[in-house]
Amino acid sequence: MADRVYYRVFGTMPTHAPYPFAEIEPRWQKAWAEARCFRAAQPGEPGSEKPKAYILDMFPYPSAAGLHVGHLEGYTATDIVARYRRMLGMNVLHPMGWDAFGLPAEQHAVQTGTHPRVTTARNIDNFRRQIQAMGFSYDWDREIDTTDPKYFRWTQWIFLKLYEKGLAYVAEAPVWYCPALGTVLANEEVLATEEGPRSERGNHPVERRPMRQWMLKITAYAERLLQDLDLLDWPESLKEMQRNWIGKSEGAEVIFSVVGSGEKIAVYTTRPDTLFGATYLVLAPEHPLVRPLTSPERKAAVEKYVRESAAKSDLERTELAKKKTGVATGATVVNPVNGEKIPIWVADYVLASYGTGAVMAVPAHDERDFEFAREYQLPVRKVIRAESEPEKECFPEDGVNFDSGFLSGLKTSQAKVAMADWLEKNNHGRRQVRYKLRDWLFSRQRYWGEPFPILWNGDRHEPLSDKDLPLTLPELVDFQPTATGEPPLGKAEAWRKLPDGRTRELNTMPQWAGSCWYYLRFCDPKNDAKPWSAEAEKYWMSGGGVDLYVGGAEHAVLHLLYARFWHKVLFDLKLVSHPEPFRRLVNQGIILGEDNRKMSKSLGNVVNPDEVIREHGADALRVFEMFLGPLEQMKPWSSKGMEGSVRFLARVWRLVCEETDSGEWIPSSTLTDGAPSPETVRALAKATAKVTEDLEKLQFNTAISALMVLVNHLTGLVKRPTAAVMQLSRLLAPFAPHLAEEVHARLGGKGLVSVAAWPTFRKEDLQEDSAELAVQVNSKLRGRITVPSLANREEIEALVRAHPDFGGWCGGKTVQKMIVVPGRIVNLISG
RNA sequence: GCCGCGAUGCCGGAAUCGGUAGACGGAGCGCACUUAAAAUGCGCCAGGCAUUGCCUAUGGGGGUUCAAGUCCCCCUCGCGGCACCA
């Protein structure tokens, strides 16, 4: 009984920490802040003569929930690189800031009446606290906040530049409206889901509504946004997503004349070579010519069909619709290439929003047209044959033309050119390039965003002048969006109306505005005269822009496309020196919960970094997140694995300290000032070589593994040379900076290890004295042989022949050939 | 359907130019220390047969090669994206 009480009481007592991280970590964070050792030198300042490195994270939206381990993975990776580059002697720009405009703070304001500014400030403080607890080496003098008037003044200024260039305009167009969010959304913010189109944020249903909105002419940059992807060191998958989103297609516009009327119908096709096979023409139900062209006897049927299509959701019109529907108009057009009369149909498989809203149907060579033709018994005329494969009913691939007049006998690629030439020569059409990319819907009916620096004078808009910037938000008590679709800013009567009768634009900018240029502001964050100085931009953005940009893949066609667009506009205005902002980009993979499912509150599998730091320390969290696996890969959390990282760091600690019976840490008696043995020299050289190589390739998991090998070696020594442990502390510094500083200091190291020089090694120290080669016989492993590591082929061959097992390996057969790969294998080929 | 990425022990993952598959960590097992446990240190650890040793193993099937996780062809599964874009 007494025993059980003893265990209950002492069994739940926390055993003391494997090493005193809770005392070490805050102390070094304070030391770094006091030494200001992570400050980046501006051009002209001492330190700016060093080569620069711009290492950037995608700055966070400071949510009420705080940081999660996924943020920390990317931030840890960039911090390691930043610390490593600093130790290599580079002038490193590694900044952090807050993308603080946005919907959640405003939704909170709607519900509680708390001003978004208050919530935002509180969330930022919490994020900053969490980030600082990780020991990240940010230059906090450069912290920025997109909601600060000193910042958004310049967001507004850049908007005016776009406005002046004619790249910002107001248009009445069908746009995506989200009733739940009370605002319109950009195409990029709408996802196609099984339940229909939904908002990217919050997964609310969205609908098409015609509204007057501000648009940015991103389409003017479509070709350059596409071409310049080739300049970038980005994941191929991400470039592909942007290419798909831009959606370039090359083809021709063909003009058909309507029989018995002066009307012409233009269609867009990527296959002008199939024009001889066109057997009908299809208009989208929304096409303006549908009504005027329909013959009186078809009128009722066509109008009914148009009405039905309009009532269908986008979903019903696309993927769920197994069967194509349509109706004949009774009108006909002339195929310009052969003078043939073909009927005009209306069908909703043709989209009004793409191309001209009309297509020429070639059922023999287009799956969709084929399906439709079969449904309504329309003629199918083959004009292209496969070069080798057997004939198919519908052949949409490239081949050779026949029954095609002047195109007969030509291959598809040649036929396309010939037909385009013919169309242009005879005025029946022309070559054309099209993009799926649409202009960027840039206004939102929300309060917590940048106000547009625009005034309305009746129906006309005009820009605010630079001297009136920043245009700040009016104070409001009621943030509720109105049912009429009028933005909340409409409630600020005094703000909205100017004495001279002009009124302010009431929409605000989307959250993406602030993040479109924040990386430029980091170059010169305190400049009150300009968004950034030319000198600072040229210095930090040289060599192709940001040298390393790490963030999640969810921004592939949002932030990353918008920022590239703004950057190109700024490039054309000669405000930046390179056409692309982010030279190298890496997506960190998401970290799953321990149950292998996506971390979410409802599943209860979210890992709270505050708790992990309290239990195991920031260094252990940093090391573990990097040791989990490759940065780009999706991987599950493991609390057992987390403990492994703690054990590793505690092993490092015990190289330097040992514990007394009373539980105190005293300097280890195993340390010696003696010279390291050749084995230790080799272990150090190997670790240095491997860690250096892996850091360059962002392979943090294998770099840590190399450090573990070194620590295991040092742990195994009876006497540990201080110099060796000192070198370990420098190799460890980017990964576990607090512990590295402590070890460095306890061993009598001068200054901060965070700014010490990165270790080097001598190539000859990597060399082993002897190497063990595998001996294969007819490619099967049969034995091993130890040879001097510098032995050449002939010497190795002689050693193999002289080896006592040689006869056994050959099994009495003669060796016809011996393949020797020094350092690797010997393969005996016998017959 | 199309595009991109991936599949290696019980688990996370290593493996340069094609050259000893499984580094490192976790889990497990054993030993030492301890009154005991924890912690720590050391050792074992793909599977099968077996006496040394041999055989089988990198999602599946073919191929190239002295040699394939790695290169080529076909297929299966998983993840991400796009999806009637003419």
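A, B, ... follow the sequence lines: proteins, then strands. Residue 1 opens every chain.
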| Derivation and outcome, salt bridge (charged side-chain N to carboxylate O under 4.0 Å, His left out), residues A/E393 and A/R374 | CA-CA 11 Å; A/E393 276 191 289; A/R374 192 182 258 181; 3.0 Å; yes
5' to 3', nucleotides 40-50 of chain B under a 4.0 Å protein heavy-atom cut-off (B base, S sugar-phosphate only, - none) gives SSS--------
Within the side chain of A/H365, is there an N or O that forms a donor-acceptor pair under 3.5 Å with the backbone of A/F395?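 It does hold such a pair.
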*asked:* A/H428: which residues meet the ring-ring contact (aromatic ring centres under 6.0 Å, His included) condition with it, sequence neighbours left out?
replied: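 If we apply the ring-ring contact (aromatic ring centres under 6.0 Å, His included) test to A/H428, skipping adjacent residues, the hits are A/W422.
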Those residues at least two apart in sequence (or on a different chain) that pass ring-ring contact (aromatic ring centres under 6.0 Å, His included) with A/H803 are A/W809
Taking for A/W245 and for A/S237 the nucleotide of RNA chain B with the nearest heavy atom, the one nearer the 5' end belongs to A/S237
Of A/L238 and A/E772, the one whose nearest nucleotide on RNA chain B sits closer to the 5' end is A/L238
Consider the side chain of [X], meaning its heavy atoms from C-beta on, and name the nucleotide among [options] that approaches it most closely.
{"X": "A/E693", "options": "B/G81, B/U16, B/A86", "value": "B/U16"}
{"X": "A/K635", "options": "B/G26, B/A86, B/G13", "value": "B/G13"}
{"X": "A/Y354", "options": "B/A14, B/A86, B/C24", "value": "B/A86"}
{"X": "A/F627", "options": "B/C24, B/C3, B/A27", "value": "B/C24"}
{"X": "A/R782", "options": "B/C66, B/A23, B/C54", "value": "B/C54"}

Report task. Provide the full list of ring-ring contact (aromatic ring centres under 6.0 Å, His included) pairs with a residue in residues 630-650 of chain A, sequence neighbours left out, each pair given once. Result ->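 Qualifying pairs: A/F624-A/W637.
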Annotated structure of RNA chain B as dot-bracket, pair cut-off 3.5 Å, Watson-Crick or G-U only, | for inter-strand, is (((((((..(((......[....))).(((((.......))))).((((...))))..(((((..]....))))))))))))....
Short N-O contact, A/E240 and A/R243, less than 4.0 angstrom: yes
Check your understanding: Who passes side chain to side chain contact (heavy atoms under 4.5 Å, CB included) against A/P667, sequence neighbours left out?
Key ->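 Side chain to side chain contact (heavy atoms under 4.5 Å, CB included) check on A/P667 returns nothing, list empty.
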A side-chain contact here means heavy atoms from C-beta on lying under 4.5 Å apart; do A/H713 and A/K686 qualify?
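No; the side chains remain at least 4.5 Å from each other.
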Donor-acceptor pair present, A/K324 side chain and B/C84 base, under 3.5 Å: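 Indeed, a donor on one side and an acceptor on the other fall under 3.5 Å apart.
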